[in-house]
Every structure is written in C-alpha cells, then in structure tokens.
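See below for the structure under consideration.
In what follows, chains are A, B, ... by sequence order, proteins preceding strands, each numbered from 1.
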Amino acid sequence: MLDIRFIEDNIELVKDITLRKGYDVNVDHLIEMVRSRRKYIFNLDNLRSERNRKSKEVSRLKRAGEDAGRIIEDVRRIGSDIKALEEKVGELENNIAEIAFKIPNIPHFSVPEGNDEDENLEIRRWGKPPEFDFKYRPHWEIGEMLGILDFKRASKIAGSMFAVYTGLGARLERALLNFFLDMNVKRGYKEIFCPYLVNRDSITGTGQLPHLEDDMYHLDNPDYFLIPTAEVSVTSLHKDETFSEEDLPIYHASYSACFRKEAGAHGRETRGLMRMHQFNKVELVKFTTQETSYDELEGLVSDAEALLQALELPYRVTKLCIGELSFAAAMCYDLEVWIPSEGRYREVSSCSNFEEFQARRLRIRYKPKGGRQSKFVHTLNGSGLALSRTLLAILENFQQEDGSVILPKALVPYMDGLKKIG
RNA sequence: GGAGAGGUGGCCGAGUGGACGAAGGCGGUCGCCUGCUAAGCGACUGAGGUGUUAUAAAGCACCUCCGUGGGUUCAAAUCCCACCCUCUCCGCCA
C-alpha cells in the first residue's frame, strides 16, 4: 500500500503506473473520499471534544450534589450527532481502503520502461550453456527413464501439473533442499519454518490479495489460504512489530511447499516440472532500513546467484521492466537458469525490493537511531531457490548420452557420495 | 470438542462506571554523583489521526486506541453480547 499523502501529491504518476500495470482503479474517487474523510474527522473531533468537556462538567456537578439534567440532555444530543458522523467516516474508510489496496507499488526510478518480458534488461550471464553432440532429452523423459520422476501416477492421485519424485529423485529433491538451507544459513540467514496455511490479513499484507485471489487455494471454514510462497508467512511473521534500528537488517530463509492454481496458465506447460500446482521452494526474506534496502537487494541477488554457481548451472540475471514488475515490487531482478530443452533461460528466482509497500500493510516499523518517529522497514525477498526448476535444470544440463545424469560436486555429499544417477 | 482462568504501554503488573492514556516496577534515554564500573538521586520515556504554521523538521491544540467487533449509558479499560487468541484440566490425535 502506498502512503495516502504520497498518492495525493502524485496523482498523475499513480494513475499512470496503475494503468500501465493493468489495474483498474479510480484514483480521483479515492482522493475525493480522502478529502471528505478529513473534513468529517475535523467535525467529529470537535464534537467529541465538546462532549468530553461537558461530561467532565456532569461529573463535577454530580460530585457537588448539583443538578446536571440540562447538560446531560445536551450531551445526549451531541452523542447522536457523533454516532452519525462516525458511521460516515467508517464507511469512507472502508471504501478508501478498498481502493488503496488495489493500487500497485511505484517502480524505482531506475526500472526500465517496457511492457513485457522482451523488454527486461539483461544484466549479466554466468556459465556457458552445454553443447550436446547427441540427441538430448527434456527432463520428463530423463526422469521417467531413470525412474526418478512419475507424472502418470501423480495425475492419478491428484491431477495434471503435479509430480511424484521416487527413489533418487526424491533423494535429489531433499539434497537440494538441505543444500540450499545450509548455504543460506552460512551466508547469515536464520532458518525459519512456517505454516503453509495463513489468514487473510497475512496474504493481503504481502500483496497477493485482493487481485490474485483466483490463483490461490482457499479454505472456506476457517478462512485460510494455502501459501503460494513462504514470503507470505515469513514476511507476516513480524506483522505489528516495531524494531529498533540496531535489530536490522534481519535475514530469514524458509523452506515451504508452495501452492498455486496457475489459473491463467491452463493448457500451457502442463508437462514436467516447470509449472506445478505444488512445488518446493526456499525463500529468502530481508527486513532492512530505508537507506540500505537497495544495497541489500544486490546482496540478496548475490546470495541467490551463489547457489546457482555452486551447482555449476549456467544462468543470467535480468532486471524486470515496469510492465513485468509484480504488484508489490518496486524493483526486481530475475535469475534465469539455462533450460536446454527449451533453448532459453527460465526463472528460478525473483529478487525484489518492496520498499515500504508490504511493511505499511503489515505495520512493520523500526525506530531510527536517535530519531523519535518510527519508520516503516523495507522488505525484500527472493527465492534461494525454487527446487523443482533447479532439479529440472540439473537433469537437463548434466545429462549424458546414455541417459544418466552427472551430479554437481556440491550435491555429492548430500547424496551420500553418489556422483551420478543412472 | 467439554470445563475453567485470562488477554492492559517495549516487558511485568494494578485498575469493577466519572479526576484513567492508565498506579507501581523492570527496561531505555538524558542529567547529577563517581578515579572507572556498580549502586544511588532526578527528569523524561506508547502508537495513530485531525487541525495549526507552509501537507520540511520541531512545537502547540484536540481526537482515537486497554485482544477484535457490536451494545448499554449523559459518561466504558471497567457493565452486556459475539468472535479471536493464550493458559490449565479432561477428551481426541501425529
């Protein structure tokens, strides 16, 4: 959520960004309501002040044993005026919040113009895509040949866009999970394990609601959502808290299963591990001061890159253009790993700075050193990393002609010394 | 799921209708004292909003907030109702 004052001062900018990101929001109506709310509150406070004064008078008279009947009559009248105004203000506040929650974050000034993927800015590449002198296979073929992935049975027990990992496949998934968590902890992150079911407030706080409701699995009674990423639980961990500046930055790393309906994607990429209704991910979350958040973003990207480098997977880093930026992000780098079967790079980590956007919704603040006024923290997060896509990339990039797969050295200790599958 | 107890400021904790944004303590900040530290003494120490000067900071005035939402009352932390959460016991379960 943006600061209402900021919106008032930058009406045209807010309208422009909202429109370009494809959200339908009536900013003028919002401003109108904000202004009338202010007027009502002014009147309301005056009435309350009068009531407080007269109430004290009543109490004084009563203690003195004098008659307070006239004043009581007065206060009764004021009371009903107050109630009417309170209703009006309450209604306005609901309407204001409803609109304000639908306004996306404002991109950082350095974010490139552009509307789609092609206009993202490539920052750097690392590693070289493998060159095969044999007919290489997509990961689902490799996985089925090796007997480590089972999509048929997955669809039997659940449906399409699910996977079953068996034997060394399951072992490899677990190896990756442990490797990621260990690495991240070594780099200063605190390991967190959180609920997969969260309440509406949490998921509104990180910005998935209101507009992504259709993409999330929802339980009716009670009103719970299955998290689409650990970002939701881990960021909301500190809801309603005020840190002192010395506590910051805070680094958290959390594994979770992630659940997505992929409602907009049906029919696309239903094969393999690329897009699933349930997948595993380790998420990195940072809480920082306002001054340091962009340096921290660079650090976050490096931390995620270190994982890909340790796995020897070729990747590139891109900076997302305005149109590609998610609802809550002010700036975002994607890490994309090379996928031989597609002949292109695909996202395995999305590292974003949300600035105050989430913190404002979740009321996460800090007291600056020496300062009185508390400020909103900046929140950041990025995958470190998405497990299934990483596993897929390992199968495809390190496949051999005979169908076997050589494991990256970093994983060997996690595979009980096993260097190769198949 | 049943029975009971409880939710108050950064923390502990008092407060059962009017002088309570809230005693007392701890913690914190500043000052005094002190060779240094400790102890001691004194002052200050919640958040949000509206207005004001100029929608800078600071200030000043007022308002709101005692788990959340309703209600009773001239007046609610205090009384009533619903919900949420925590603790204890029982049941159930991994």
Side-chain angles (χ1 to χ4, degrees), chain A residues 1-14 30-97 100 193 195-205 219-225 233 236-248 250 287 290-291 356 359-377:
Chain A
M1 180 141 90
L2 299 174
D3 185 0
I4 296 288
R5 298 258 179 213
F6 176 88
I7 299 175
E8 282 186 282
D9 290 344
N10 298 277
I11 296 178
E12 290 314 311
L13 172 68
V14 171
L30 175 75
I31 298 294
E32 212 174 279
M33 290 195 294
V34 165
R35 297 200 168 134
S36 58
R37 168 182 167 273
R38 233 173 249 141
K39 241 179 279 156
Y40 282 126
I41 285 183
F42 179 72
N43 296 335
L44 182 57
D45 280 356
N46 286 341
L47 282 177
R48 280 166 167 166
S49 174
E50 193 183 344
R51 177 176 68 180
N52 289 345
R53 256 200 334 271
K54 294 201 164 162
S55 265
K56 277 186 186 135
E57 185 66 10
V58 170
S59 132
R60 199 187 56 78
L61 288 174
K62 288 214 162 174
R63 268 198 314 275
E66 290 174 40
D67 176 51
R70 285 246 319 268
I71 301 184
I72 286 176
E73 214 22 69
D74 249 21
V75 179
R76 198 200 300 271
R77 207 198 60 244
I78 296 170
S80 64
D81 289 353
I82 287 175
K83 199 163 200 176
L85 265 178
E86 278 174 342
E87 269 166 35
K88 203 128 203 170
V89 170
E91 197 185 312
L92 272 172
E93 280 176 348
N94 287 340
N95 294 340
I96 288 168
F193 190 76
Y196 296 173
L197 287 170
V198 297
N199 58 36
R200 189 171 282 272
D201 193 39
S202 298
I203 205 146
T204 305
L219 278 69
D220 257 331
N221 184 30
D223 187 24
Y224 284 145
F225 291 85
S233 300
S236 302
L237 250 193
H238 295 297
K239 176 160 67 181
D240 287 314
E241 293 182 25
T242 303
F243 298 106
S244 40
E245 183 167 347
E246 296 83 71
D247 299 335
L248 304 176
I250 290 170
F287 302 83
Q290 303 192 347
E291 293 74 22
E356 293 181 25
R360 192 179 290 282
R361 292 174 163 223
L362 292 167
R363 301 164 298 277
I364 306 173
R365 299 174 235 259
Y366 69 102
K367 275 237 190 297
K369 270 191 214 108
R372 278 255 202 70
Q373 198 86 40
S374 57
K375 294 176 168 179
F376 289 106
V377 300

Worksheet entry | nucleotides 49-57 of chain B: protein proximity per nucleotide (B base, S sugar-phosphate only, - neither; heavy atom, under 4.0 Å) | BSS---B--

Mind checking the [atom1]-[atom2] spacing from [X] to [Y]? Nearest 0.5 Å is all I need.
X: I78(A); Y: N46(A); atom1: CD1; atom2: CG; result: 11.5 Å
X: L248(A); Y: E246(A); atom1: CG; atom2: CD; result: 9.0 Å
X: Q290(A); Y: F376(A); atom1: CD; atom2: CZ; result: 9.5 Å
X: D201(A); Y: D240(A); atom1: CG; atom2: CG; result: 7.5 Å

List in chain and number order the residues that pass side-chain contact (heavy atoms from CB on, under 4.5 Å) with [X], two or more places apart in sequence or in another chain; answer none if no residue qualifies.
X: S202(A); answer: V198(A), N199(A), V232(A), S236(A), K239(A)
X: E87(A); answer: K83(A)
X: L197(A); answer: L219(A), Y224(A), L226(A)
X: R53(A); answer: S49(A), E50(A)

Using atom [atom1] in both nucleotides, what's the gap between [N] and [M] to the nearest angstrom?
N: G2(B); M: C92(B); atom1: C1'; result: 11 Å
N: U68(B); M: C84(B); atom1: P; result: 15 Å
N: A22(B); M: C65(B); atom1: C1'; result: 12 Å
N: G7(B); M: C12(B); atom1: C1'; result: 14 Å
N: G21(B); M: C32(B); atom1: C1'; result: 30 Å
N: A23(B); M: C44(B); atom1: P; result: 12 Å
N: G67(B); M: G9(B); atom1: P; result: 8 Å
N: U86(B); M: A43(B); atom1: C1'; result: 37 Å

Fill in: ring-ring contact (aromatic ring centres under 6.0 Å, His included) involving F225(A) - partner list, sequence neighbours excluded
H218(A)

Worksheet item: How would you list, by chain and number, every residue that makes a ring-ring contact (aromatic ring centres under 6.0 Å, His included) with F243(A), sequence neighbours excluded?
Response: H238(A)

Could you give the [atom1]-to-[atom2] distance, from [X] to [N], as a whole number of Å?
X: R361(A); N: G48(B); atom1: CZ; atom2: C1'; value: 19 Å
X: I78(A); N: C63(B); atom1: CD1; atom2: C1'; value: 15 Å
X: D240(A); N: G48(B); atom1: CG; atom2: C1'; value: 12 Å
X: D74(A); N: U73(B); atom1: CG; atom2: P; value: 18 Å
X: D81(A); N: A75(B); atom1: CG; atom2: P; value: 13 Å
X: K56(A); N: G17(B); atom1: NZ; atom2: C1'; value: 16 Å
X: E245(A); N: U29(B); atom1: CD; atom2: P; value: 15 Å
X: E246(A); N: G28(B); atom1: CD; atom2: P; value: 13 Å

Worksheet entry | Any residue of residues 46-55 of chain A with a heavy atom less than 4.0 Å from an atom of RNA chain B | R48(A), S49(A), N52(A), S55(A)

Worksheet item: Which residues within residues 82-93 of chain A lie with some heavy atom under 4.0 Å of an atom in RNA chain B?
Response: K83(A)

Fill in: Test side-chain hydrogen bond (donor to acceptor under 3.5 Å, both in side chains) applied to D45(A) - qualifying residues, sequence neighbours left out
none

Worksheet item: Mind checking what makes side-chain hydrogen bond (donor to acceptor under 3.5 Å, both in side chains) contact with S59(A), not counting sequence neighbours?
Response: R63(A)

Item to complete: Runs of at least three consecutive Watson-Crick or G-U pairs, both distances under 3.5 Å, are what I'm after; which ones involve RNA chain B?
Response: B:1-7 with B:84-90, B:10-12 with B:24-26, B:27-32 with B:40-45, B:46-52 with B:59-65, B:67-71 with B:79-83

Item to complete: Could you pick out which residue, R365(A) or V75(A), lies toward the 5' side of RNA chain B when each is mapped onto its nearest nucleotide?
Response: R365(A)

Item to complete: Evaluate the side-chain proximity of I4(A) to I96(A): yes if any heavy-atom separation is below 4.5 Å, no if none is.
Response: yes

Worksheet item: So do the side chains of D74(A) and R77(A) get within less than 4.5 Å of each other, counting heavy atoms only?
Response: yes

Worksheet item: Quick check: are there more than 12 heavy atoms from other residues, nucleotides or ligands sitting under 6.0 Å from CD of E86(A)?
Response: yes

